[in-house]
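Order of the sequence lines fixes the chain letters, A, B, ..., with proteins taken first and strands second; residue numbering starts at 1 for each chain.
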Amino acid sequence: MNEKFLKPYDPSATEGRIYAAWEKSGLFNPDECVKQGMTKADAPAYSIILPPPNVTGILHVGHAYEDSLQDAVIRYERMRGKRALWIPGTDSAAIATQSRVEKDIQKEEGKSRHDLGREELVRRVAAFAKESEGTILSQVRRMGASLDWSRYAYTMDAARNTAVTAAFKRMYDAGLIYRGNRIVNWDPKGQTTISDDEIIYKEEQAKFYYLKYGPFTIGTARPETKFGDKYVVMHPADPRYAEWQNGQKIELEWINGPITATVVKDESIDMEFGTGAMTITPWHSMVDFDIAQRHELDKEQIIDEYGKLLPIAGEFAGMKLTDAREKIVEKLRMKGLLVKEEPYVHNVATAERTGGTIEPQIKLQWFVDVTRPFVIAHSEIPGIESGSSITLKMLMRVAVEHGGIQMPQEGFKKTYFHWIDNLRDWCISRQIWFGHRIPVWYGGEQMYVGTEAPGGEGWVQDPDVLDTWFSSALWTFSTLGWPKETSDLATFHPTAFISPAYEILNLWVSRMILMSGFHLGQIPFKTVLIHGLVRDRQGRKFSKSLNNGIDPLDMIDRYGADALRMGLLVGSAIGNDISFDENKVRGYKNFANKLWNIARFTLDNTRDTDPAAPFVPKDTEILVAHNTLTRDITNDMEEFRVYMAAEKLYHYTWHELADKILEQSKPIFSGKDAAVRTSRARLLITLLDRTLRLLHPFMPFVTEEIWQSMPTKDATFLMIAKWPEPIKSLLQ
RNA sequence: GCGCGGUUAGCUCAGCUGGUAGAGCGCUUCGUUUACACCGAAGAUGUCGCAGGUUCGAGUCCUGCACCGCGCACCA
């Protein structure tokens, strides 16, 4: 027996060495498995993508959970003999990365991005990204993730840029990307547009003001935006305002003097709220913008891009909004226009990344049109015929509705549909510099959309870059070589499943469905398994402010990656929040050592085992029970009940194999009956062999390390050994 | 306001298609015997949120309610 078994299992002395050996073997790559004869060339393909972590980020416990789950499944499928591919990658996370670097430069050099200029800033951001790329990748490796590194992709690399520009051009040509003046979420702090999903609403105590507006009393929470309000809107069925006609003009005294206002009747007004009458500020409010569009009203800008008042505000021009409010209210009071004020709680929209307060603005932006019909030339999506006319919105709905994409959790399916149904056009342009630049060039009155700059003089490229989710949305196929028609693409798309946190369902998952549907006529993945947030044992989110952060690497250092993986998987039913408890991880470290000692005992007592020794009835019974376990585990894995499989294996290994079978073996081995002894020796080695295989997807390191000492070893690595089939001769 | 999820042992959670309640940690007592003290044996602890209903039988299905969490909408 190898002397290493005389000491307790030491993950830190083992894991790095094992991972390096796996990586060196090239067997994470299914093509290599085929080449080495471990996998049949015509075996079914099974692929998943690693949700690309932020290139400048570090591994957090949510990643650790997803990595554990996906690695367990891909290792299982690989052992089942499939051509199993797990594609690694990282995300440039444009806004987050650029603002991080900008902040550093500001702090260290006192310079803004404008001092550096576009080219220099982009160079520095890219350099920073490249530099920190290795950190996250080494952390993913430490989890034991069996990713095919030869297919590594980065959302900003050349191949992905080709995919992004091709996607943009195709959608533009199909009329699904357009440029227009629309109201967008403007972040004055970040100086960019953001999407609805990047907004965080914060509750705020404020005041609600009732103002005299000619013959009306209007309610507002934002008197500082009211300078240009020249339309007063009410519900057409409101009896209080029955005497007023749509389009009627009235003269009234307003903040900075007399104005002419127009009465507008619109059904979107809530008669119950405030006085049932309001004035509108179309340039700075989504709802008001919609009303203005419907009635073709004038729109006027009040607030500039830095959150300051424009000259229309008269004496208040140039003031910041936050400073202006009280002063304006004071003036209204002086003029007798303030009827009353009351306390009020409302939600303020803030930018997720910068924390800046969102001020909606009308801007010339690029959009993906989700409601415009197009003809889908080729479709493999259930419920969508090739050649039929459809909108992107319908496509996203049908792909899930007709079961093309399985979302086993009904609750999330409803949330998804609800979101789809309320979807607006997707604003894809961002006013930052780091990202995929919009592939559009302007030359005087002309506009050119293409994958490369047009020939000739005088063309200027659009300064904006694309929303980072635009490139992420292509991920399932851009990583496989699209737009080229590669064999990878034909073999490995659609992918098998994705397991995102529910917060990313709309942001990413739905957009992958959109892009894959439009560009390939395929679904991006067959199943969506949504998981919850990882919480601490008090049920709190992990966050910096609570200082309850768990560093997965710290857990690995102390307990080993196998223990961390088990701690995250066991008890985490799909879809529920995941509770993280360090005690659990410690328990599974002990389990790894238990397995280690099972191996020690078994190897020590089975040195001269006759591999053909007949089994006595008692041992046959034990093998039958193990068959049942194997079937259970296999079924659980097929149904994505990874947490069940892991727990059952734990229970069997410790409380059956170790506590009962090994204990009962002690008197047998010291007994006189040779037939019983040889049967038992063969039994133990058989059980250990099969149990190691079953446990490998969950605890790859310790099982692999033991495997290397197994007399039954029939593959260079347990990683590519065969998943056990029930022993047929034992089945009744 | 609409919707989703949760409520099971002291703590954190499992319990798939309904059949006499489970795991880990913690707790109590005992134990160094061919592996493991990162261990073993034995044990205690639950009207499965509340109230009804369906059923021979419900933690599991249905209805209502309560509390907790989350999402969406409103936010003039």
Side-chain angles (χ1 to χ4, degrees), chain A residues 1 5-10 196 201 203-204 206 208-211 218-223 225-226 229 232-234 268-270 272-281 285 287-288 291 344-349 409-415 417-419 421-422 502-503 505-506 532-533 535-541 559-560 563 566-567 570-573 575-605 632 635-636 639 641 643-644 646-648 650-651 654-655 658-659 662-663 665-670:
Chain A
M1 187 180 58
F5 287 104
L6 299 177
K7 283 185 287 188
Y9 175 62
D10 180 2
D196 291 349
Y201 289 95
E203 203 167 82
E204 194 181 81
F208 194 73
Y209 304 92
Y210 290 90
L211 306 178
I218 57 147
T220 182
R222 306 203 60 191
T225 66
K226 297 275 127 194
D229 288 14
V232 58
V233 192
M234 58 216 69
S268 69
I269 299 298
D270 179 359
E272 305 294 317
F273 193 85
T275 59
M278 70 174 205
T279 60
I280 57 168
T281 314
S285 158
V287 180
D288 296 1
I291 293 172
Y344 178 65
V345 178
H346 71 147
N347 290 323
V348 176
Q409 299 136 292
E410 289 298 321
F412 289 120
K413 208 193 264 188
K414 278 190 188 170
T415 309
F417 286 144
H418 183 255
W419 183 79
D421 293 342
N422 291 295
Y502 55 67
E503 51 191 1
L505 182 63
N506 300 336
L533 293 170
R535 294 174 182 280
D536 71 5
R537 53 183 305 182
Q538 278 111 51
R540 302 174 308 182
K541 264 188 185 183
Y559 307 113
M566 286 294 279
V570 176
S572 299
N576 290 352
D577 283 345
I578 296 144
S579 73
F580 184 87
D581 186 351
E582 189 171 336
N583 284 330
K584 251 164 87 176
V585 180
R586 197 171 56 228
Y588 291 112
K589 177 188 196 288
N590 296 350
F591 178 55
N593 191 53
K594 190 73 181 176
L595 185 64
W596 187 249
N597 280 289
I598 290 170
R600 174 176 167 185
F601 179 87
T602 301
L603 294 174
D604 201 24
N605 283 287
D632 271 9
N635 287 339
D636 285 339
E639 305 286 330
R641 287 192 300 269
Y643 64 104
M644 284 294 305
E647 185 173 346
K648 282 178 191 164
Y650 169 85
H651 195 258
W654 199 313
H655 300 299
D659 290 350
L662 253 54
E663 287 304 323
S665 301
K666 291 175 185 174
I668 290 174
F669 287 134
S670 55

Please give the distance between the C1' atoms of B:rA21 and B:rG57 as a whole number of Å. 15 Å

Looking at every heavy atom in both A:Ala592 and A:Tyr9, which two are closest together, and how far apart are they? CB-CD2, 4.0 Å

Each nucleotide of nucleotides 32-42 of chain B classed B (base within 4.0 Å of a protein heavy atom), S (only sugar-phosphate) or -, in 5' to 3' order, makes --BBB-BSSS-

Write down the atom of A:Val570, the atom of A:Lys584, and the distance for their closest heavy-atom approach. O-NZ, 3.0 Å

With P as the reference atom in both, quote the distance from B:rU47 to B:rA42 in angstrom, rounded to an integer. 26 Å

Can you check the distance between B:rU54 and B:rG15, where both ends of the measurement are the P atom (answer in whole Å)? 28 Å

With sequence neighbours left out, what residues match A:Thr279 under side-chain contact (heavy atoms from CB on, under 4.5 Å)? A:Tyr213, A:Ile218, A:Lys226, A:Asp229, A:Val232

What residues form a side-chain hydrogen bond (donor to acceptor under 3.5 Å, both in side chains) with A:Lys648, not counting sequence neighbours? A:Asp636

5' priority, RNA chain B, between A:Thr415 and A:Gly276 [closest heavy atom]: A:Thr415

Without decimals, in angstroms, what is the distance between A:Phe208 CZ and B:rC74 P? 15 Å

Pairing residues for A:Thr275 by the side-chain hydrogen bond (donor to acceptor under 3.5 Å, both in side chains) criterion, not counting sequence neighbours: none

Taking only Watson-Crick and G-U wobble pairs with both distances under 3.5 Å, what dot-bracket line describes RNA chain B, where [ ] shows pairs that cross earlier ones and | shows pairs with another strand? (((((((..((((.....[..)))).(((((.......))))).....(((((..]....))))))))))))....

Write down the distance separating the P atoms in B:rG22 and B:rU45, rounded off to the nearest Å. 13 Å

Spacing of A:Glu582 atom CD relative to B:rU12 atom P, expressed in whole Å: 17 Å

Please state how far atom NE2 in A:His418 lies from atom P in B:rG1, giving the value in whole angstrom units. 16 Å

When the P atoms of B:rU7 and B:rU28 are compared, how many Å lie between them, rounded to an integer? 29 Å

Quick one: label A:Val233 by what it contacts on the DNA or RNA (base, sugar-phosphate, nothing), any heavy atom closer than 4.0 Å. nothing

Close side-chain approach of A:Met278 and A:Asp288, heavy atoms under 4.5 Å: yes

For A:Tyr559, give me all partners under side-chain hydrogen bond (donor to acceptor under 3.5 Å, both in side chains), at least two apart in sequence or on another chain. A:Glu582

So which atom in A:Arg222 and which in A:Thr220 form the shortest heavy-atom distance, rounded to 0.1 Å? N-OG1, 2.9 Å

C1' gap between B:rU29 and B:rA23, integer Å: 22 Å

Determine the minimum heavy-atom distance between A:Lys589 and A:Ala563, stating which atoms define it. N-CB, 3.5 Å

By the 4.0 Å heavy-atom rule, please label A:Ile269 as base, sugar-phosphate, or nothing. base

Heavy atoms, side chains only, cut-off 4.5 Å: are A:Phe5 and A:Thr602 in contact? no

Which whole-number value in Å describes the distance from A:Asn583 CG to B:rG10 C1'? 14 Å

When rounded to whole Å, the NZ to P distance for the pair A:Lys648 and B:rG22 reads 15 Å

When you compare B:rC16 with B:rG49, how far apart are their P atoms, in angstrom units rounded to a whole number? 14 Å

Can you tell me how far C1' of B:rC16 sits from CE of A:Met644, to the nearest Å? 7 Å

For atom P, what is the distance between B:rC13 and B:rG6, given to the nearest Å? 13 Å

N or O in side chain of A:Tyr643 less than 4.0 angstrom from B:rG15 OP1/OP2: yes

